[in-house]
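In what follows, a structure is listed as structure tokens, so that the remarks can point back to it.
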Amino acid sequence: MHSIITYRGNEIPKDFNKSASLTFDDNTLLPVLFGEHNAHLHHLEDLLHIQIANRGNEITISGDTKPVSMAKNILSYLWRKTKEGRDITINEIDSAYRFLVNNKEQNKDMSKEKAPKRTKTKMPFDEKAGIKTYKNKLISPRSPNQAAYIDAIKHHDMVFGIGPAGTGKTFLAVASAVHMFQQGHVERMIFCRPAVEAGENLGFLPGDMREKIDPYLRPIMDALHEMMPGETINKKMENGDIEIAPLAYMRGRTLKNAFVVLDEAQNTTSMQMKMFLTRMGQGTHMIITGDPSQTDLPNHVESGLKEATRILNNVDDIPFIQFNAKDVVRHKLVTKIIKAYDKHDESKK
């Protein structure tokens, strides 16, 4: 065991059974990796229940064997990204952690099978698999389910992304749409939502119909602004390359050579969902996203998303990507809130 080193004013506990060291070859990049006031190291300590001591360009990780090994893998991966010029944030740390945990779970399941092949630890997607914004920011998956989602969108014409809020379903769908449009794979992008009143009455809101529905479409606009300059979005909306409209506007149309996203699909009725799915024409990609636990439909009306999941779940070439609380990339409290509500719903059943 290495000699005792103090970190944050505390001695490393003697009962830790493993330690590992890492040395970094460029001191000027350490503030990016470590974070302001070593915030990234603190976060990794709390995440893995380890302790990290640093002396100049060398750090020592102490703790139980598996967490120490994970911390070493995560820091090595993030150091490579730092040297490539990537900014490191808490989100990148959490992302790397999710991929490592998922890999270990997969290997654990494989160990039950006959003569399993040992798989190499996989970290988040490489640069070539990500989507770059006009600000040269890389959008890459931050969980295994997000990676599966992006892969499904790339290789299938229709994909369902189902799960709780904050898992990146809408954002990644919009990012994929812009990417495919810019690559010339589709001629236009269409984004729609069912205009269902979530406990509020639209009739009492001021303005014309477009102004009334703007709040429903705002999340899509926010995602678009991450991918394209505002003036470009306005220009493409004027010439029809981008269309953002309520679901009702899709009736009677055949959508060809387009990337179409139906968001908040849990608020569709059975007839609306069938209507939307059958608008699909040649060269069109459709992404349907929704959270079945947050439907705003009347109690006696079944969600079109739930029905479509039952009917289409075994249809070839229509992948259903199921997200869960582990995929939440918002504030960490969102994950705890979702788990608490899930537990409450299970107790009611």
Side-chain angles (χ1 to χ4, degrees), residues 125 128-132 139-141 143-163 167-194 219-220 223-224 227-228 236 240-292 303-323 327:
F125 274 18
K128 61 183 180 181
I131 301 170
K132 283 194 175 181
I139 296 173
S140 56
S143 75
N145 283 333
Q146 285 193 356
Y149 186 50
I150 292 178
D151 188 65
I153 292 173
K154 287 182 177 179
H155 295 98
H156 295 84
D157 292 337
M158 181 177 290
V159 177
F160 282 77
I162 300 173
T167 51
K169 305 182 301 296
T170 302
F171 183 78
L172 291 176
V174 174
S176 297
V178 174
H179 179 69
M180 291 189 73
F181 176 79
Q182 292 174 335
Q183 294 293 314
H185 299 307
V186 295
E187 296 175 356
R188 54 185 171 147
M189 297 172 281
I190 302 173
F191 307 100
C192 58
R193 278 183 161 196
I220 293 173
L224 274 174
M227 297 297 300
M228 307 171 75
K236 293 192 178 300
D241 288 340
I242 297 177
E243 181 180 348
I244 304 177
L247 175 59
Y249 284 35
M250 299 299 108
R251 189 173 298 277
R253 301 174 61 181
T254 300
L255 307 174
K256 297 180 181 179
N257 301 315
F259 194 110
V260 189
V261 177
L262 172 59
D263 195 30
E264 298 291 335
Q266 75 275 5
N267 288 329
T268 61
T269 63
S270 297
M271 289 298 294
Q272 286 176 325
M273 178 60 78
K274 183 179 179 181
M275 177 274 292
F276 174 79
L277 297 177
T278 54
R279 299 308 94 198
M280 191 173 191
Q282 291 296 323
T284 287
H285 297 262
M286 279 190 168
I287 311 300
I288 301 94
T289 72
D291 178 3
S303 166
L305 179 60
K306 289 184 178 179
E307 183 185 68
T309 302
R310 284 200 316 272
I311 296 173
L312 304 176
N313 197 38
N314 294 320
V315 175
D316 291 339
D317 295 326
I318 304 181
F320 284 74
I321 308 299
Q322 298 283 345
F323 295 90
D327 300 300

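It should be emphasised that the depicted structure is a prediction, and the values quoted were computed from it without experimental measurement.
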What are the two closest heavy atoms between [X] and [Y], and how far apart are they?
{"X": "R188", "Y": "L255", "answer": "NH2-CA, 4.2 Å"}
{"X": "L247", "Y": "Q272", "answer": "CD2-CB, 3.8 Å"}
{"X": "K169", "Y": "G163", "answer": "NZ-O, 3.1 Å"}
{"X": "G281", "Y": "K256", "answer": "CA-CG, 4.3 Å"}
{"X": "R279", "Y": "M275", "answer": "NE-O, 2.7 Å"}
{"X": "I162", "Y": "T309", "answer": "CD1-OG1, 3.5 Å"}

Electrostatic pair R253:E243 at N-O distance under 4.0 angstrom: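 So R253 pairs with E243 through a salt bridge.
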Using a strict 4.0 Å threshold on nitrogen-to-oxygen distance, state whether R193 and D263 make a salt bridge.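 Salt bridge flag = yes for D263 with R193.
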Within the structure provided, determine whether [X] and [Y] are in side-chain contact (heavy-atom separation under 4.5 Å).
{"X": "F171", "Y": "T289", "value": "no"}
{"X": "N145", "Y": "Y149", "value": "no"}
{"X": "T269", "Y": "P194", "value": "no"}

Test side chain to side chain donor-acceptor pair (under 3.5 Å) on Q266 and S303 and set out the steps. CA-CA 6 Å; Q266 75 275 5; S303 166; over 6 Å; no
Heavy-atom neighbours of R310 CZ exceed 12 at 6.0 Å: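 Correct, the count exceeds 12.
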Between atom CD1 of I190 and atom CE of M286, what is the distance when rounded to the nearest 0.5 Å?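 One finds 8.0 Å between CD1 of I190 and CE of M286.
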With side chain to side chain donor-acceptor pair (under 3.5 Å) as the criterion, how do T167 and D327 come out once you've worked through the C-alpha distance, each side chain's angles and the decisive distance to 0.1 Å? CA-CA 5 Å; T167 51; D327 300 300; over 6 Å; no
